[in-house]
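Order of the sequence lines fixes the chain letters, A, B, ..., with proteins taken first and strands second; residue numbering starts at 1 for each chain. Everything quoted here is computed from the prediction, not taken from an experiment.
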Amino acid sequence: MVEWTPEKIVAFQETLLKWYDNNKRNLPWRRDHDPYHIWISEIMLQQTQVQTVIPYYERFMKLFPTVQALANADEAILMKVWEGLGYYSRARNLQKAAQQIVNDYNGQWPTTVKELQELSGIGPYTAGAIASIAFNKPVPAVDGNALRVFARLLEINEDIAKPQTRKLFENIIKKLMPKNRPGDFNQAIMDLGASYMSAKNYDSENSPVKLFNQAYLDGVEDNYPVKTKKKRPIPVNYFGLLIHSQDDYLFERRPNSGILSRFWMFPLIKGDDIQTKKDASEDDVLRALEAQFLSTYQLEIHVKKIGGRPVTHTFTHQKWQITLLEAELNNSSDLSYFPGKWISESDFREIAFTKVQTKMWERYQQQKEQ
DNA sequence: CAGTCGTGGCC
DNA sequence: TGGCCAAGACT
């Protein structure tokens with residue numbers, strides 16, 4: 001990597017901030033420096049693009065305009081507002097942190113990185129972002145943009161996918177930051193990373209800091225940042241059960257931890273959990289599913305297959321393939337062993353659906369029409 | 001540390 | 001289609 005002289009550091013700061021002053025994006029959370037506004041936007045923006053976040057942010061602020069409103073929010077309503085944004089533990093941690101601020105800090109925001117990071121869902125990056133943008137503290141906010149931008153500017157060869165690398169970048173960025181405008185500096189780096197220095201289709205030729213971009217000057221930009229590849233999603237097979245009685249459908253409450261935790265969804269049974277002999281017929285599989293449901297939940301169901309190809313949905317680490325099945329439940333069934341309840345079709349829009357749940361419902365509707 | 005945790009967009 | 005990416009944090 002390259003080292004910069006004090007003069008070059010000052011020149012970089014002036015060039016970057018001048019560009020930012022004239023070209024910064026007009027975003028809803030940039031109307032003021034209210035820590036509540038900065039915080040909500042930073043959490044929503046984790047692993048999520050700006051254009052996706054904007055409408056969610058506006059709706060969120062109308063419903064929960066203050067940290068007190070968020071602390072007192074109903075979880076189901078909170079999840080409905082967050083519906084479709086993904087990484088739902090972000091929303092639950094958001095409320096926990098709001099309660100921490102109200103209860104532990106009497107509604108007054110802590111201002112240090114150390115204190116901020118003790119709040120649920122606030123890690124090194126978000127603590128740095130809030131401290132610098134809302135409280136003008138001279139601390140770095142090292143996100144994916146900062147890692148990519150400085151890896152290129154300085155030809156840093158460390159793997160940005162490794163957690164340890166963040167500390168190295170923090171120390172480097174501390175020396176490059178202006179003490180008087182840390183929040184603007186951090187945000188300028190993000191705007192740069194979202195435009196001229198994006199991951200793909202970057203345009204260094206026209207970048208305001210192209211003369212500071214060593215990788216560009218050396219013609220080796222394609223080599224930066226150094227980043228190891230992610231593993232590909234593992235296939236997982238499920239049977240999805242649409243158990244209904246007129247307009248009521250049986251929903252299962254997912255466990256309190258793990259993927260899509262606490263959501264109401266059509267019952268899913270892992271394909272691996274259904275044991276059948278090698279040359280089992282389709283009917284054998286359906287009977288095995290019924291036996292499984294009876295032994296697990298004491299529920300007597302009758303299952304029939306729905307035509308059409310399975311519903312597929314890919315997460316970061318899993319690729320689900322769901323075979324949809326329609327089922328009826330014995331009228332006199334006792335649900336006390338089943339972690340779920342009946343939900344009327346007319347109430348579906350009241351509760352938060354995950355994407356894969358929506359896919360299952362839409363596919364079922366399509367099949368019924370045929 | 002390495003794995004986990006969603007969704008939408010792009011090529 | 002599949003792989004990668006997008007203002008990370010938690011276990």
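Comparing the same atom, C1', in B/dG6 and in C/dC4 gives a spacing of 15 Å after rounding to whole Å. Across the P atoms, C/dA6 and B/dC5 are found 22 Å apart, a figure rounded to whole Å. Here the separation of B/dG3 from C/dA7, taken at their C1' atoms, is 22 Å to the nearest Å.
Ring geometry for A/F353 against A/F251 counts as tilted: the plane angle lies between 30° and 60°, on a 0 to 90° scale. Note on ring orientation: taking the six-membered ring where Trp is involved, the planes of A/Y57 and A/H37 are perpendicular (angle over 60°, cut-offs 30° and 60°). Ring-plane geometry between A/W39 and A/W109 is classed as perpendicular, the angle between the planes exceeding 60 degrees on a 0 to 90 degree scale with a lower cut at 30. Relative orientation of the A/W320 and A/F315 rings is perpendicular, given thresholds of 30° and 60° on the angle between their planes.
Taking a 4.0 Å limit (strictly below) on heavy-atom distances, residues 24-38 of chain A reaches DNA chain C at A/R25, A/L27, A/W29, A/R30. For the segment residues 48-86 of chain A, the set of residues with a heavy atom within less than 4.0 Å of an atom of DNA chain C comprises A/Q49, A/V50, in numerical order.
You'll find the side chain of A/F239 reaches within 4.5 Å of the side chain of A/V285, heavy atoms only.
Between A/N256 atom CG and C/dC10 atom P the separation is 19 Å, expressed in whole Å.
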Report all interatomic pairs (protein N or O, nucleotide N or O of nucleotides 1-4 of chain B) with separations under 3.5 Å.
residue: B/dC1; atom: OP1; partner: A/Q164; partner atom: OE1; Å: 3.3
residue: B/dC1; atom: OP2; partner: A/Q164; partner atom: N; Å: 3.0
residue: B/dG3; atom: OP1; partner: A/K231; partner atom: NZ; Å: 2.4
residue: B/dG3; atom: OP2; partner: A/K231; partner atom: NZ; Å: 3.3

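Which of C/dA7, C/dG3, C/dA6 sits closest to the side chain of A/K200 comes down to C/dG3. Among B/dC11, C/dA6, C/dA9, the nucleotide with an atom closest to any side-chain atom of A/T126 is C/dA9. The side chain of A/F315 lies closest to B/dG6, out of B/dG6, C/dA7, C/dG2.
In terms of phosphate contacts, A/Y88 brings a side-chain nitrogen or oxygen within less than 4.0 Å of OP1 or OP2 of B/dT7.
Toward the 5′ end of DNA chain C lies the nearest nucleotide of A/L45, the other residue of the pair A/G121 and A/L45 mapping further downstream.
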#### Entry: Full working for salt bridge (Lys or Arg N to Asp or Glu O under 4.0 Å) between A/K304 and A/E290
CA-CA 10 Å; A/K304 55 187 176 187; A/E290 290 168 355; over 6 Å; no

### Task
Assess whether salt bridge (Lys or Arg N to Asp or Glu O under 4.0 Å) is satisfied between A/K162 and A/E158, documenting all intermediate values.
CA-CA 8 Å; A/K162 293 195 179 302; A/E158 303 298 318; over 6 Å; no

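Here A/R262 pairs with A/E75 in a salt bridge; the nearest charged N to carboxylate O distance falls below 4.0 Å. With salt bridges taken as basic N to acidic carboxylate O contacts below 4.0 Å, none links A/R152 and A/D218. Taking a cutoff of 4.0 Å between a charged side-chain nitrogen and a carboxylate oxygen, A/D248 and A/K341 do not qualify as a salt bridge.
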